[in-house]
Peer 1: 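Dropping the structure in here first, questions after.
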Amino acid sequence: MSSVSPRADLESLPKYIPGRTIEGAIKLASNEVPGGPLPSVAAAIAEAAARINRYPDTGSQVLRERLARDLDVPVERVAIGCGSVSLCQQTIQASCAPGDEVLFGWRSFEAYPIVTQVAHAVPVLVPITEGQELDLDAMLAAITDRTRVVFVCNPNNPTGTAVRRAELERFLDAVPERVLVVLDEAYKEFVTDPDVPDGVEFTRSRTNVMVLRTFSKAYGLAGLRVGYAVAPEAIADALRQVHVAFSVNMLAQVAALASLDAADELLARCQDIVAERGRVRDALIAAGYQVPETQANFVWLPLGDQAMPFAEHALDRKLVVRPFAGDGVRVTIGTPEENDQFLAAAREFSR
């Protein structure tokens with residue numbers, strides 16, 4: 001038995017549970033898009049593979065410059081990370097000292113409490129509303145002198161619900177300027193409601209707002225892990241300072257650039273997913289389920305104690321969904337055929 005042991009508090013950390021992958025089953029658990037990379041993106045990856053004996057640009061400078069140009073923001077305010085979840089962790093590391101508070105709605109992205117506790121900060125979980133929405137008034141009331149970061153996941157994962165412009169503006173107006181508000185927009189490309197704002201616009205006029213986005217979802221690069229932040233310059237500098245060197249690999253950078261070149265084609269695929277999202281939600285409601293309006297590429301079934309039995313029922317029918325015990329089940333929108341199989345299973349479930 002080794003005398004070396006890890007940190008004593010690691011056992012208290014919540015565990016990140018990824019969507020399961022089961023041979024022969026349809027995976028609707030991880031919010032991946034069903035289509036692979038476009039041919040032009042796959043070709044760029046293949047060409048870059050011949051150079052993987054070289055280290056990547058640890059600063060992802062070309063990608064930063066391209067995003068700054070596309071988003072019309074100074075390049076100094078753009079940071080690249082190994083997926084937006086890595087940028088979440090970097091944000092806490094760069095912003096919080098031990099004992100500082102990080103506030104977010106719950107249930108929301110399950111990485112938030114993990115990355116907070118790893119940095120010895122204190123997670124503050126604010127319950128969502130009965131309508132499965134972030135309760136910004138309650139979040140505002142929960143801010144204390146120790147609060148350093150507030151995560152607003154918009155659209156929210158796993159519920160899919162979104163915060164509208166007027167509500168978000170009121171919230172941002174009331175948050176103390178010393179508190180960093182992180183608008184986590186991993187599902188921005190699936191938003192169709194024009195009243196759900198583009199968070200980057202707030203970064204232009206407010207000194208304490210930061211936006212996170214990812215290439216994992218709409219751009220179909222979940223397996224390569226690349227995301228980005230638009231942040232106040234001092235925070236963007238700090239994100240780069242604490243990032244793991246070379247963590248955004250060469251293929252990820254090349255694929256992200258090629259995906260931006262093909263953005264119109266890729267985002268057209270998002271519209272297909274949006275159409276299926278509406279069809280699946282309507283069918284679930286017709287079957288008697290409560291399904292909140294979603295602006296993401298998934299639907300949320302707030303099943304409470306029936307979440308785990310529902311997931312096992314789906315698995316018996318070769319469907320992998322993502323249950324959150326005691327809360328509900330998140331189901332990614334797949335192909336029409338996959339969605340039909342899920343809907344058939346949902347109709348068969350006895351509640």
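All residue numbers in this chain count up from 1 along the given sequence. Since the model is a prediction, treat every value here as computed from it, not as a measurement.
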Peer 1: Looking at every non-hydrogen atom in both residues, tell me the closest pair between Asp184 and Cys88 and how far apart they are.
Peer 2: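 Nearest heavy atoms, Asp184 then Cys88: OD2-SG, 4.2 Å.
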
Peer 1: Could you tell me which residues satisfy salt bridge (Lys or Arg N to Asp or Glu O under 4.0 Å) with Arg347, sequence neighbours excluded, listed by chain and number?
Peer 2: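 Salt bridge (Lys or Arg N to Asp or Glu O under 4.0 Å) list for Arg347, sorted by chain: empty.
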
Peer 1: Are the side chains of Pro158 and Arg322 in contact, using a 4.5 Å heavy-atom criterion?
Peer 2: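 They are not in side-chain contact.
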
Peer 1: I'd like to know if Val163 and Phe202 are part of one continuous hydrophobic network [Ile/Leu/Val/Met/Phe/Trp/Tyr, side-chain heavy atoms within less than 4.5 Å].
Peer 2: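 Phe202 clusters together with Val163.
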
Peer 1: For Asp316, does the CG atom sit with more than 12 other heavy atoms under 6.0 Å from it, leaving out its own atoms?
Peer 2: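 Counting neighbours around CG of Asp316, more than 12 heavy atoms of other residues, nucleotides or ligands fall under 6.0 Å, so yes.
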
Peer 1: Under the rule for side chain to side chain donor-acceptor pair (under 3.5 Å), what residues qualify as partners of Ser216, not counting sequence neighbours?
Peer 2: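 Residues passing side chain to side chain donor-acceptor pair (under 3.5 Å) with Ser216: Thr214, Arg225.
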
Peer 1: How about Tyr187 and Phe298: are their ring centres within less than 6.0 Å of each other?
Peer 2: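 Yes: the rings meet the under 6.0 Å criterion.
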
Peer 1: State whether the side chain of Arg269 and the backbone N or O of Val33 hold a donor-acceptor pair below 3.5 Å, judged by distance alone.
Peer 2: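 No, Arg269 side chain to Val33 backbone: no donor-acceptor pair under 3.5 Å.
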
Peer 1: Please evaluate residues Gln290 and Gln132 with respect to the criterion side-chain contact (heavy atoms from CB on, under 4.5 Å), reporting the C-alpha separation (whole Å), side-chain torsions for both, the decisive distance (0.1 Å), and the verdict.
Peer 2: CA-CA 11 Å; Gln290 293 182 358; Gln132 308 297 299; over 6 Å; no

Peer 1: Keeping Asn297 on the side-chain end and Asn31 on the backbone end, is there a donor-acceptor pair under 3.5 Å?
Peer 2: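 Yes.
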
Peer 1: Between the side chains of Ser350 and His313, is a donor N or O closer than 3.5 angstrom to an acceptor N or O?
Peer 2: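 Short answer, no.
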
Peer 1: Just checking Asp70: does its CG atom have more than 12 heavy atoms from other residues, nucleotides or ligands closer to it than 6.0 angstrom?
Peer 2: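 Result for CG/Asp70: enclosed.
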
Peer 1: Going through the distances and angles, do Glu167 and Glu133 end up as a side-chain contact (heavy atoms from CB on, under 4.5 Å)?
Peer 2: CA-CA 12 Å; Glu167 182 184 9; Glu133 298 176 327; 6.0 Å; no

Peer 1: Salt-bridge test for Asp282 and Arg279: reply yes if a basic N is under 4.0 Å from a carboxylate O, no otherwise.
Peer 2: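 Between Arg279 and Asp282 there is no salt bridge, as every charged N stays at least 4.0 Å from the carboxylate O atoms.
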
Peer 1: Measure from the side-chain N and O atoms of Glu293 to the backbone N and O of Thr161, and report whether any donor-acceptor pair falls under 3.5 Å.
Peer 2: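 No, Glu293 side chain to Thr161 backbone: no donor-acceptor pair under 3.5 Å.
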
Peer 1: Suppose we screen for side-chain contact (heavy atoms from CB on, under 4.5 Å). Which residues come up paired with Gln241, at least two apart in sequence or across chains?
Peer 2: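 Applying side-chain contact (heavy atoms from CB on, under 4.5 Å) to Gln241 gives none.
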
Peer 1: Should Ile92 and Phe151 count as side-chain neighbours, where that means a heavy-atom distance under 4.5 Å?
Peer 2: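 Side-chain contact under 4.5 Å: yes.
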
Peer 1: Is there a path of hydrophobic side-chain contacts, each under 4.5 Å between heavy atoms, that joins Leu301 and Leu315?
Peer 2: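 In one cluster: no.
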
Peer 1: For Ser84 and Leu212, indicate whether the former's side chain and the latter's backbone hold a donor-acceptor pair under 3.5 Å.
Peer 2: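 Not at all, since once roles are kept as given, no pair shorter than 3.5 Å links the two residues.
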
Peer 1: Treat each ILVMFWY residue as a node, draw an edge where side-chain heavy atoms are under 4.5 Å apart, and state whether Leu71 and Ile80 are in one component.
Peer 2: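 Yes, it is one cluster - the side chains of Leu71 and Ile80 are joined through contacts under 4.5 Å.
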
Peer 1: If I compare all heavy atoms of Lys27 with all of Ser30, which pair ends up nearest, and what's the gap?
Peer 2: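 Looks like CE-OG, 3.1 Å.
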
Peer 1: I need the single residue from Leu284, Leu28, Asn339, Val320 that forms a side chain to side chain contact (heavy atoms under 4.5 Å, CB included) with Val331. Which is it?
Peer 2: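 It is Leu28, the one option of Leu284, Leu28, Asn339, Val320 that forms the side chain to side chain contact (heavy atoms under 4.5 Å, CB included) with Val331.
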
Peer 1: Under 4.5 Å between any side-chain heavy atoms of Leu260 and Leu67, yes or no?
Peer 2: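 Of all side-chain heavy-atom pairs linking Leu67 with Leu260, at least one is under 4.5 Å.
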
Peer 1: Would you give the length of the straight line joining atom CD of Glu189 to atom CZ of Arg213, rounded to the nearest 0.5 angstrom?
Peer 2: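 If I round to the nearest 0.5 Å, the distance is 6.5 Å.
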
Peer 1: What residues form a side-chain contact (heavy atoms from CB on, under 4.5 Å) with Ile143, not counting sequence neighbours?
Peer 2: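 So Ile143 forms a side-chain contact (heavy atoms from CB on, under 4.5 Å) with Leu103, Leu140, Thr147, Val150, Val175, Pro176, Arg178, Val179.
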
Peer 1: Determine whether Pro113 and Phe104 make a side-chain contact, defined as any pair of heavy atoms from C-beta on separated by less than 4.5 Å.
Peer 2: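 Yes, their side chains come closer than 4.5 Å.
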
Peer 1: Donor-acceptor check, side chain of Thr116 to backbone of Val102, threshold 3.5 angstrom: yes or no?
Peer 2: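 Absent.
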
Peer 1: Counting only heavy atoms from other residues, nucleotides and ligands, does the tally under 6.0 Å from CD of Glu265 exceed 12?
Peer 2: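 At most 12 heavy atoms, drawn from other residues, nucleotides or ligands, come within 6.0 Å of this atom.
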
Peer 1: Can you give me the closest heavy-atom contact between Gly328 and Ala307, atom names plus distance?
Peer 2: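 For Gly328 and Ala307, the tightest heavy-atom pair comes out as O-CB, 3.5 Å.
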
Peer 1: Can you tell me if CD on Glu169 sees more than 12 non-hydrogen neighbours from other groups inside 6.0 Å?
Peer 2: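 Atom CD in Glu169 is packed in, count exceeds 12.
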
Peer 1: Does this structure show an ion pair linking Glu110 with Arg330, if we count only N-O contacts that are shorter than 4.0 Å?
Peer 2: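 Result for this pair is no, no salt bridge flagged.
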
Peer 1: Hey, any chance Phe215 and Leu239 share a hydrophobic cluster, counting ILVMFWY side chains that come within less than 4.5 Å of each other, even indirectly?
Peer 2: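 Per the 4.5 Å side-chain linkage, Phe215 and Leu239 are not co-clustered.
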
Peer 1: Under 30°, 30 to 60°, or over 60°: which ring-plane class applies to Tyr112 and Phe109, parallel, tilted or perpendicular?
Peer 2: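 Aromatic pair Tyr112/Phe109 classed perpendicular.
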
Peer 1: Within a radius of less than 6.0 Å around CD1 of Ile52, do more than 12 heavy atoms belonging to other residues, nucleotides or ligands occur?
Peer 2: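 Counting other residues, nucleotides and ligands, CD1 of Ile52 stays at 12 neighbours or fewer.
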
Peer 1: Report yes if some heavy atom in the side chain of Ser259 is under 4.5 Å from a heavy atom in the side chain of Val41; otherwise report no.
Peer 2: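 Yes - at least one pair of side-chain heavy atoms lies under 4.5 Å apart.
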
Peer 1: Is the closest side-chain heavy-atom distance between Val152 and Ser108 below 4.5 Å?
Peer 2: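 No - every pair of side-chain heavy atoms lies 4.5 Å or more apart.
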
Peer 1: Between Leu38 and Ala262, which heavy-atom pair has the shortest distance, and what is it?
Peer 2: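 Answer, listing the atom of Leu38 first, then Ala262: CD1-CB, 3.5 Å.
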
Peer 1: I'd like to know if the side chain of Gln253 and the backbone of Pro56 have a donor-acceptor N/O pair within less than 3.5 Å.
Peer 2: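 A pair under 3.5 Å: no.
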
Peer 1: Say whether, by atom type as modelled, one donor and one acceptor occur between the side chain of Glu185 and the main chain of Gly199 under 3.5 angstrom.
Peer 2: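 Yes.
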
Peer 1: State whether a side-chain donor-acceptor pair under 3.5 Å links Glu65 with Gln61.
Peer 2: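 There is such a pair (donor and acceptor under 3.5 Å, judged by atom type) between the side chains of Glu65 and Gln61.
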
Peer 1: Which pair of non-hydrogen atoms, one from Asp305 and one from Gly326, has the smallest distance, and what is that distance?
Peer 2: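 So the two residues come closest at OD1-CA, 4.1 Å.
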
Peer 1: Which residues pass the side-chain contact (heavy atoms from CB on, under 4.5 Å) test with Asp327, sequence neighbours left out?
Peer 2: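 Testing Asp327 for side-chain contact (heavy atoms from CB on, under 4.5 Å), a comparison that skips the adjacent residues, returns Arg107, Trp300, Phe324.
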
Peer 1: Does Ile285 share a hydrophobic cluster with Tyr289, counting links as ILVMFWY side-chain heavy atoms below 4.5 Å and allowing steps through other members?
Peer 2: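 Yes, it is one cluster - the side chains of Ile285 and Tyr289 are joined through contacts under 4.5 Å.
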
Peer 1: Ignoring hydrogens and geometry, is there a side-chain-to-backbone donor-acceptor pair from Arg64 to Val78 under 3.5 Å?
Peer 2: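 Yes; judged by distance alone, with no hydrogens or angles, the pair exists.
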
Peer 1: Between Asp198 and Arg204, does any NZ, NE, NH1 or NH2 come within less than 4.0 Å of an OD or OE carboxylate oxygen?
Peer 2: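 Asp198 and Arg204: not salt-bridged.
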
Peer 1: Measuring only between side-chain heavy atoms, which start at C-beta, is Asp261 closer than 4.5 Å to Ser40?
Peer 2: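 SC-SC contact between Asp261 and Ser40 ruled out.
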
Peer 1: Where the side chain of Arg77 meets the backbone of Ala231, is there a donor-acceptor pair that is under 3.5 Å apart?
Peer 2: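 Checked: pair present.
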
Peer 1: Listed by chain and number, what are the salt bridge (Lys or Arg N to Asp or Glu O under 4.0 Å) partners of Arg206, not counting sequence neighbours?
Peer 2: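 Here the qualifying residues are Asp173.
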
Peer 1: Can a donor-acceptor pair be found, under 3.5 Å and without considering hydrogens, that links the side chain of Gln295 to the backbone of Asp193?
Peer 2: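 It does hold such a pair.
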
Peer 1: Is any side-chain heavy atom of Val248 closer than 4.5 Å to one of His243?
Peer 2: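 The answer is no, as the side chains (C-beta and beyond) never meet within the 4.5 Å cut-off.
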
Peer 1: Write down the atom of Val75, the atom of Ala68, and the distance for their closest heavy-atom approach.
Peer 2: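 Scanning both residues, the minimum pair turns out to be CA-CB, 3.6 Å.
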
